[in-house]
Every structure is written in structure tokens, then in C-alpha cells.
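Worksheet: one structure, shown below.
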Amino acid sequence: SKNTVQAKLVFLGDMGTGKTSLVQRFIKGQFHEYEESTIGAAFFTQILSLNEGTVKFDIWDTAGQERYHSLAPMYYRGAAAAVVTYDITNMDSFKRAKSWVQELQTRGNPSMVVFLVGNKADLDSERKVEIEEGENYAKDNGLLFLETSAKTAQNVNELFYDIAKRLAKA
Ligand code: GTP
């Protein structure tokens, strides 16, 4: 029989970059123009069935506000995968994403699958972070990379299924 893996997946990234929106888009197929800022963290579960096996995700959607930063290690400890988000219209959020990546590389599980995600790709006319900047940073740091839109659903299923595939094979 095919294997089943239970995997902790954590979302990290600056406030307002769309962590909650990406999770909501994937789990409920919904998008809200006004999404409330997360307090502490929110927890969701989702089961994905693939050819490679079944992945039961325990998803932690953390709060991006700086005052919650000290809680983050509780959420990435033991995580099989992390999604670090930035907003392509906000250069500061890209800098913040890089500092999350550095924190994960120093203090996180070394075998963690880390995805760098440039969200709000639908706002291309307001873009401040070129796709190449995200791609190059990801390549130089051994990360997976995608640009997504929780609004249009661009690359949202791809993100979760790509993570699941890697974990199911491991
Ligand atoms: P915190 O909980 O504060 O850390 O924020 P977050 O990263 O969870 O962001 P959230 O999902 O709450 O989204 C913040 C705002 O951006 C909301 O108004 C969303 O509607 C909007 N938003 C999220 N994703 C997208 C997207 O892909 N495109 C556009 N245009 N807006 C988005």
C-alpha cells in the first residue's frame, strides 16, 4: 500500500503578504479583499492524495506582525516544510522574507523543504520586486520558488501539491 505521511507546514512572512489568503484559497477556494490580520497563529488541516501517497498537512498560518516574532520558533520547530511569503509590490516584505529564510537556515530543521513565495502576482503593474530577484535569491539559497496570487488562484494548488509531492517521496 502507498505511504501516508503527516507533515507540519508553516507559513512565515511579513504582515499583509497574504499567508492567510493563500491558505484560505487552497482550503476553501475563497478570497476576501479584506482579510483580518492573524493574531498569534491559526491552525488548519488538509489531506492531499497523490500518486506518490497521501500527505496529511498540519498547517500553521503564523501572524506576520513583528510583535509575534518571538513565537515563530514554536511553529517552525519540527516543520517538514515552510512557505516564506513576500508581497511583490512591497520591497520591505522581500527583505523580511530573506531574514526569515536566514532564521530558518540557522535555527530550523536542516531537512526542511523551504518555499519562497512572491504573492499578489495579480498586481503586476505595482510590482517592486522583479521575478528574477526572487528566483535568484531562491536559487542561491537552495529554496523552491513560485509567484502566486491568492486572488486569482495563480500557482496556489501548484504550491501545495509541489510540497506534498516532495514530502510523499521522502
Ligand atoms: P498577517 O495575518 O497580518 O500576517 O497577514 P497575512 O500575511 O496573513 O495577509 P492576509 O492574507 O491577511 O492578506 C492581507 C491583505 O492582502 C488582504 O486585504 C488580502 O485581501 C490581500 N491579499 C492577499 N493575497 C492577495 C493577492 O494575491 N492579491 C491581491 N491583490 N491581494 C491579496
Side-chain angles (χ1 to χ4, degrees), residues 7-46 48 57-77 79-105 107-108 112-135 137-138 141 143-164:
K8 183 176 176 183
L9 167 61
V10 64
F11 277 71
L12 299 165
D14 206 356
M15 61 180 291
T17 55
K19 299 176 295 297
T20 301
S21 298
L22 288 166
V23 174
Q24 291 304 315
R25 164 59 76 191
F26 182 64
I27 291 180
K28 295 192 183 158
Q30 293 176 351
F31 174 75
H32 303 118
E33 288 289 346
Y34 180 78
E35 187 65 62
E36 276 183 40
S37 196
T38 303
I39 295 170
F43 178 70
F44 303 88
T45 61
Q46 186 77 355
L48 300 196
F57 274 129
D58 287 337
I59 304 172
W60 287 96
D61 166 23
T62 69
Q65 291 180 46
E66 186 49 39
R67 63 185 147 130
Y68 297 113
H69 188 164
S70 63
L71 300 178
M74 285 200 309
Y75 300 110
Y76 63 70
R77 188 175 302 135
V83 173
V84 177
T85 58
Y86 63 92
D87 169 351
I88 68 152
T89 73
N90 179 333
M91 185 54 83
D92 282 343
S93 77
F94 183 55
K95 290 184 188 142
R96 188 80 190 88
K98 291 180 185 173
S99 82
W100 276 120
V101 168
Q102 281 164 9
E103 177 167 341
L104 289 176
Q105 291 185 336
R107 300 177 62 194
M112 195 186 301
V113 172
V114 181
F115 236 113
L116 179 67
V117 167
N119 189 42
K120 309 197 187 182
D122 56 289
L123 300 178
D124 194 53
S125 62
E126 297 167 47
R127 178 187 286 279
K128 298 288 185 316
V129 185
E130 293 306 321
I131 189 162
E132 292 76 17
E133 292 179 75
E135 267 170 359
Y137 184 78
N141 289 277
L143 318 172
L144 301 160
F145 176 76
L146 275 177
E147 281 196 353
T148 60
S149 169
K151 185 169 180 171
T152 67
Q154 176 189 334
N155 279 342
V156 175
N157 284 344
E158 287 78 357
L159 171 64
F160 285 86
Y161 276 92
D162 195 349
I163 295 168

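Order of appearance sets the numbers: ligands from 1, and atoms from 1 within every ligand.
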Look at [atom] and say which protein heavy atom is nearest, naming residue and atom and giving the distance to 0.1 Å.
| atom | answer |
| --- | --- |
| atom 5 (O) of ligand 1 | Gly16 N, 3.0 Å |
| atom 28 (N) of ligand 1 | Asp122 OD1, 2.7 Å |
| atom 13 (O) of ligand 1 | Ser21 OG, 3.6 Å |
| atom 3 (O) of ligand 1 | Ser37 OG, 2.6 Å |
| atom 7 (O) of ligand 1 | Lys19 NZ, 2.7 Å |
| atom 9 (O) of ligand 1 | Gly18 N, 3.0 Å |
| atom 31 (N) of ligand 1 | Phe31 CZ, 3.7 Å |
| atom 16 (O) of ligand 1 | Lys120 NZ, 3.0 Å |

Given side chain to side chain contact (heavy atoms under 4.5 Å, CB included), test Tyr86 with Val84 step by step and report yes or no.
-> CA-CA 7 Å; Tyr86 63 92; Val84 177; over 6 Å; no

Tell me whether [X] has any N or O atom under 3.5 angstrom from an N or O of ligand 1.
| X | answer |
| --- | --- |
| Glu33 | yes |
| Met15 | no |
| Ala121 | no |
| His32 | yes |

Ligand-residue contact atoms, ligand 1 with [X], heavy atoms, under 4.0 Å:
| X | value |
| --- | --- |
| Ser149 | 27 (O) |
| Ala150 | 24 (N), 26 (C), 27 (O) |
| Gly64 | 1 (P), 4 (O) |

Closest heavy-atom pair and its distance - Met112, Ala82 = SD-CB, 3.6 Å

Heavy-atom nearest pair, Gln65 first then Thr38, reads NE2-O, 4.4 Å

Check whether any side-chain N or O of [X] sits under 3.5 Å from a backbone N or O of [Y] as a donor-acceptor pair, and report yes or no.
| X | Y | result |
| --- | --- | --- |
| Arg25 | Lys151 | yes |
| Lys19 | Val83 | no |
| Ser93 | Asp87 | yes |
| Gln105 | Asn141 | yes |
| Asn119 | Thr17 | yes |
| Thr62 | Phe11 | yes |
| Glu133 | Glu130 | yes |

When you measure from atom 2 (O) of ligand 1 to each heavy atom in Thr38, Thr148, Asp87, which option holds the nearest one?
-> Thr38

Flag yes if more than 12 heavy atoms outside Gln30 fall under 6.0 Å of its CD atom; otherwise flag no.
-> yes

Between Asn119 and ligand 1, find which residue part has any heavy-atom pair under 4.0 Å and reply side chain, backbone, both or neither.
-> side chain

Specify side chain, backbone, both or neither for Leu123, according to which of its non-hydrogen atoms lie closer than 4.0 Å to ligand 1.
-> side chain

Does ligand 1 have an atom that lies less than 4.0 angstrom from a heavy atom of Asp14?
-> yes

Should Tyr161 and Phe26 count as side-chain neighbours, where that means a heavy-atom distance under 4.5 Å?
-> yes

